Amino acid sequence: MGVLHLKINGDDLEVAAPGHWTLLEVLRYRLGLTGSKQGCDKGDCGACTVLLDGKPVLACLTLAATVQGRHVTTIEGLLPAHVAAGGKGADPVQDAFDRCGALQCGFCQSGMMLSARALLNRNPQPSDAEIKDALSGNLCRCTGYTQILQAVELAICEAAGRTPTPRSWERASCADSGAASASDSGERSA
Amino acid sequence: MKAFEFASPVTLDQALAELPNDVAKRDSVKLFAGGQDLLTEMKEHLVEPTKLVNLKRVPGLDRIELAPDGTLVIGCLATLGALAEHAETKNFFTCVAEAARSVGSAQIRSQGTVGGNLNQRPRCWYYRNEHAPCLKKGGTECFAYSGLNKYNAILGGGPSYIVHPSDLATALVALDAQVTLRSAKGERTMALEKFYSLPSEGDVTRETVLEPAEILTHVRVPAKSGWQSTYLKFKERGSYDFALAAVAVAVKSDGAPRTIRDARLVLGGVAPKPWNVPKAAAALVGVALGSAEGAASSKRAGELAVVGAEPLAHNAYKVPLVQGLIVKAIEALAAR
C-alpha cells in the first residue's frame, strides 16, 4: 500500500492504494468514479478509456503509479470542465449522444465519448473516416455504431454552427412521417 | 494480477542494476515501458514477475530525432503514436510511420512504445491461454501445429509455429534498422533482423536474442536517400487488429520512367520473425515502376517470396494473400 498523488478531473488527490493497482482500479474502487467501465480488463474493449494529458488511454492497462503528476480526465470530469470553460450543461459530445440515442446498454458510452472528445479537441472538423478511426478502439455490442457516428457528427456540426446533412433515408422518412402522422390523426379522429 | 514491487530508476545504469543475469530468473523481473503487452500477459498469468522496472523516469529514452547524417534515432520509450506522427519519419522512412500507425487503437498507440512493440510476445491463442502448456511456455508441444492454426506461420515454423506480431519490426527490417542493446557490461549493436531468432535456432521460449540483463535502448534507421517505402497490412476486420499478413516494401529508383535500382521486401504475419526475402526483392530491380514489365516482376517477386512455404491445415490462404499484398504495395509506390 502506498500513497498516490493524482490529478483527476482537475482535483489534486491523495489516494492510498496497492502499488500494483491499475488506474481503473483506483478510479473505481478507491475514488468511486465508476463511470469508467471495467469490461474485458485487458485492453480489448475500450470501455475503460480515460484521457491522460488529453490523449485517450486504457485505464485497465495503465498502472496508477505511472500517472502521478499527469492530468487524468474521466467521464465524470467532462461536464464540470465544459461548465468551467463557460459552457452550459453537459459537454456537447454528451449532449449529442443523448439526443441521438447513441447507446443501448451504455457500457461503452463513457469510453466512446472520451475518445470522441479527444478527437474533437485535436481536430474539430474530422472526416467520417477519421471519426471511425478514432473510435475504432471502443467496441459497442448494441448500437451497430450508426447512432454513435451520428452523435459525433452532430457535435461537430453544432460546434461549427452547421445543421447536419440529413441522410437520404432521413430526408425520405421526414416527408413520409409528416404525411403518415396526418393520416394517422385522421384515422384516429374518425 | 499478482502484486509486484515497482522500481522507478532515474538512470539507465540504475535500471540495469535491477535486472537479473540469471536466465532462470528473467521472468521474475520485467522491464516496464508502455505496459500494453506486459500487463495483459500478467493479467492472464502468463508471466508473474515479482518486480517491474519502470523505464519511464529515465530521461531521454522517448526521443525521436534525425542525426546530422540523416540517421533516424528512435528511443525505446517513444510511443507508437509519436512515431506515427513524426514528420521526418513520415517523409523519409514512410513505411515505419505507416507501420506504427497501423498498430492497435489510438489508446494503445498513446501508451505503447517502440521498445515494447519490438519485444512483444506472440498472440497465438494457445500461448495466450494460461491453461495450454505449449512449447512457448516451456511445454513439450506446439498445439497450433495440429490444432487451430489459421493465424499461425507458413514460413520458418517448427518446432513452434507462432508468427511475430510486430508491425514495426517488419517495416524496420525493410529499412535495414539496427538496434542498440545495453547491459552493465557495455553496449552492442546489431541488425534488427539478427535480433529476432527462429524457434529452431535458439531458445524456443523466446523470440529474440536479448539477454536477461539487457535493455534495447535505441533503434537506428540509416538514411536512405532516393528510397521510397510503404507498409501494407491485411487484417481480418476493419477495426484494429493484428496482421493476417503484411508486407514492407522499399525501393530505390531513378530516371523517367522511374526504374528500380535496389529493393527490400519483408513479410509480416507469416513467420516467427520478420521474413526478409532478398531474392524476391532482387526480382524487382531493373524494371520501371508502373510498367507492364513492373507488374510482371511484382508477381515474380510474390512467387519467390513464398518459396519454402509450408502452410498448416488452416492457413494456406496466407500464400496468395501475401502475394497480393506485394503486388498492391508496389502499385502504391508506383502511384506516389
Side-chain angles (χ1 to χ4, degrees), chain A residues 1-2 4 17-25 36 38-70 111-112 114-119 122-123 126 129-140 145, chain B residues 1-8 30 32-46 48-58 62 77 79-82 84-85 101-113 116 120 123 125 128-130 235 237-242:
Chain A
M1 193 76 75
L4 299 166
H20 68 288
W21 271 24
T22 63
L23 175 60
L24 182 62
E25 288 166 325
S36 304
Q38 193 164 16
C40 67
D41 205 32
K42 54 179 188 169
D44 290 334
C45 74
C48 66
T49 300
V50 299
L51 305 186
L52 183 59
D53 294 334
K55 288 186 178 168
V57 300
L58 300 167
C60 77
L61 293 187
T62 303
L63 293 177
T66 64
V67 303
Q68 298 188 89
R70 303 177 70 185
M112 279 289 179
L114 285 163
S115 284
R117 175 40 63 210
L119 169 69
R122 189 176 79 242
N123 176 4
E130 287 169 331
I131 299 171
K132 278 189 182 175
D133 182 59
L135 299 185
S136 69
N138 296 82
L139 302 188
C140 173
Y145 300 99
Chain B
M1 195 160 56
K2 280 199 177 165
F4 50 81
E5 188 189 336
F6 195 63
S8 279
K30 300 291 279 184
F32 183 83
Q36 303 299 284
D37 186 42
L38 179 61
L39 292 179
T40 62
E41 284 222 316
M42 289 166 63
K43 288 183 177 204
E44 290 172 347
H45 310 290
L46 303 181
E48 297 192 311
T50 52
K51 185 189 271 190
L52 294 191
V53 180
N54 178 23
L55 289 175
K56 290 183 187 210
R57 291 181 61 195
V58 179
D62 61 348
L77 279 218
T79 64
L80 296 163
E85 295 302 321
R101 184 66 180 72
S102 80
V103 177
S105 59
Q107 289 94 320
I108 288 165
R109 292 192 299 275
S110 307
Q111 302 232 80
T113 64
Q120 68 185 301
R123 304 305 303 188
W125 50 29
R128 292 276 161 174
N129 183 333
E130 65 174 299
K235 300 172 293 183
R237 57 180 192 176
S239 181
Y240 73 98
D241 208 345
F242 291 91

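Model, not experiment: these values are computed from the prediction. Numbers restart at 1 for each chain; the letters A, B, ... are given by sequence-line order, proteins then strands.
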For this session: Please answer whether the main-chain N or O of A:S136 pairs with a side-chain N or O of B:S239 as donor and acceptor at a distance below 3.5 Å.
Result: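 Yes.
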
Exercise. Backbone N or O of A:C60 within a donor-acceptor pair of the B:K43 side chain at under 3.5 Å?
Worked result: yes

Going from [atom1] on [X] to [atom2] on [Y], what distance comes out if it is rounded to the nearest 0.5 angstrom?
X      : Y      : atom1 : atom2 : result
A:L58  : B:S110 : CG    : OG    : 8.0 Å
A:T66  : B:R57  : OG1   : CZ    : 11.5 Å
B:M1   : A:E25  : CE    : CD    : 6.0 Å
B:L52  : A:L63  : CG    : CG    : 6.5 Å
A:L61  : B:Q111 : CG    : CD    : 8.0 Å
B:Q107 : A:C48  : CD    : SG    : 8.0 Å

Problem set entry | Proximal component of B:E5, with respect to chain A [non-hydrogen, under 4.5 Å] | neither

For this session: Let me know if B:L38 has heavy atoms under 4.5 Å from chain A in its side chain, its backbone, both or neither.
Result: neither

For this session: Using ring-ring contact (aromatic ring centres under 6.0 Å, His included) as the criterion, list what pairs up with B:F4, not counting sequence neighbours.
Result: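 Scan of B:F4 (ring-ring contact (aromatic ring centres under 6.0 Å, His included), adjacent residues dropped) gives A:H20.
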
Is [X] close to chain B through its backbone or its side chain, or both, or neither, when contacts mean heavy atoms under 4.5 Å?
X      : result
A:L135 : neither
A:S115 : side chain
A:D133 : side chain

Seminar exercise, completed: Minimal heavy-atom distance between B:Y240 and A:C45, with the atoms involved, is OH-N, 4.3 Å

For this session: Mark yes when over 12 heavy atoms from residues, nucleotides or ligands other than A:K132 sit less than 6.0 Å from its NZ; otherwise mark no.
Result: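 No - once you tally the heavy atoms of other residues, nucleotides and ligands closer than 6.0 Å, there are 12 at most.
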
For this session: Using a cut-off of 6.0 Å, state whether more than 12 heavy atoms not belonging to A:K55 lie near its atom NZ.
Result: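 Atom NZ in A:K55 is not crowded, with 12 or fewer foreign heavy atoms closer than 6.0 Å.
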
